[in-house]
Amino acid sequence: MTDEDTKRRIYQVVSMIPPGRVATYGQVAELAGLSRAARLVGTTMSRLPKDTQLPWHRVINSQGRLSLPPDSPGYARQKDRLQREGVEFIGERLSLRQFRWQP
DNA sequence: TTCGTGACGTGCA
DNA sequence: GTGCACGCCACGA
């Protein structure tokens, strides 16, 4: 597969995550057929165009935390969007057991 | 072409 | 809970 296909697969998986649910980078990687390339998913998210319609905010790390610098504008945006969808934060964390997307 | 750099994950101290 | 080493993979210098 080409790199472009890889990106498209990642986009497609992310677009399937329903509102109020979250998926981990590793989970997205696995569903996209890149089981051990969680890092690649993160890198791809960081390169998304600012006007993308992808629900990138529903992708977090395996510890139930956001993987952006806590003082960055993106961090606040992601947390706010998730809370508006009903995701409950406990401090800077959320319960993966409760909100993790299970296809 | 090789090397360093990440929105990561897992295992272990 | 925290930190570290490795493994993964695309990308730019």
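All values derive from a computational prediction rather than experimental measurement. So that the names make sense, note that chain A is the first sequence line, chain B the second, and so on, each numbered from 1.
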Contacting residues from residues 13-28 of chain A, given that a heavy atom lies under 4.0 angstrom of DNA chain B: A:T24, A:Y25, A:G26
Heavy atom of residues 66-89 of chain A under 4.0 Å from DNA chain B: which residues?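 Within residues 66-89 of chain A, the residues near DNA chain B are A:S67, A:L68, A:Q78.
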Selection residues 25-49 of chain A - residue pairs positive for side chain to side chain donor-acceptor pair (under 3.5 Å), sequence neighbours left out: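 Listed once each, the pairs are A:Q27-A:R100.
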Please collect all side chain to side chain donor-acceptor pair (under 3.5 Å) contacts where either partner lies in residues 54-66 of chain A, sequence neighbours excluded, each pair once.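 Listed by first then second residue: A:H57-A:E85, A:R58-A:E85, A:N61-A:S67.
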Taking side-chain hydrogen bond (donor to acceptor under 3.5 Å, both in side chains) as the criterion, tell me which of A:R84, A:Q78, A:Q83 meets it with A:D80.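 Of all the options given, the one that passes is A:R84.
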Between the side chain of A:S72 and the main-chain N/O of A:P69, is any donor-acceptor distance below 3.5 Å? yes
Base versus backbone protein contacts along nucleotides 1-13 of chain C [heavy-atom cut-off under 4.0 Å; B, S, -]: S-----BBSSS--
Point-to-point distance, once rounded to the nearest 0.5 Å, from [atom1] of [X] to [atom2] of [Y]:
{"X": "A:M16", "Y": "A:W101", "atom1": "CE", "atom2": "CH2", "value": "4.5 Å"}
{"X": "A:L40", "Y": "A:M45", "atom1": "CG", "atom2": "CE", "value": "9.0 Å"}
{"X": "A:E4", "Y": "A:T6", "atom1": "CD", "atom2": "OG1", "value": "9.0 Å"}

Would you mind telling me which residue lines up with the more 5' stretch of DNA chain B, A:Q63 or A:S46, judged by nearest nucleotide? A:S46
Considering residues at least two apart in sequence or located in another chain, which fulfil the salt bridge (Lys or Arg N to Asp or Glu O under 4.0 Å) criterion with A:R81?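 Listed in chain order: nothing, the list is empty.
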Determine whether A:Q53 and A:Y11 satisfy the following criterion, side chain to side chain contact (heavy atoms under 4.5 Å, CB included), listing intermediate values before the conclusion. CA-CA 10 Å; A:Q53 293 181 41; A:Y11 292 161; over 6 Å; no
Which part of the nucleic acid does A:S62 contact within heavy-atom distance under 4.0 Å: base, sugar-phosphate only, or nothing?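 Sugar-phosphate only.
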Euclidean distance, atom OH of residue A:Y11 to atom C1' of B:dA7 [Å, nearest integer]: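 Going from OH in A:Y11 over to C1' in B:dA7 covers 13 Å.
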Side chain to side chain contact (heavy atoms under 4.5 Å, CB included) between A:L82 and A:F89: does it pass, once the steps are laid out? CA-CA 9 Å; A:L82 287 175; A:F89 276 79; 3.8 Å; yes
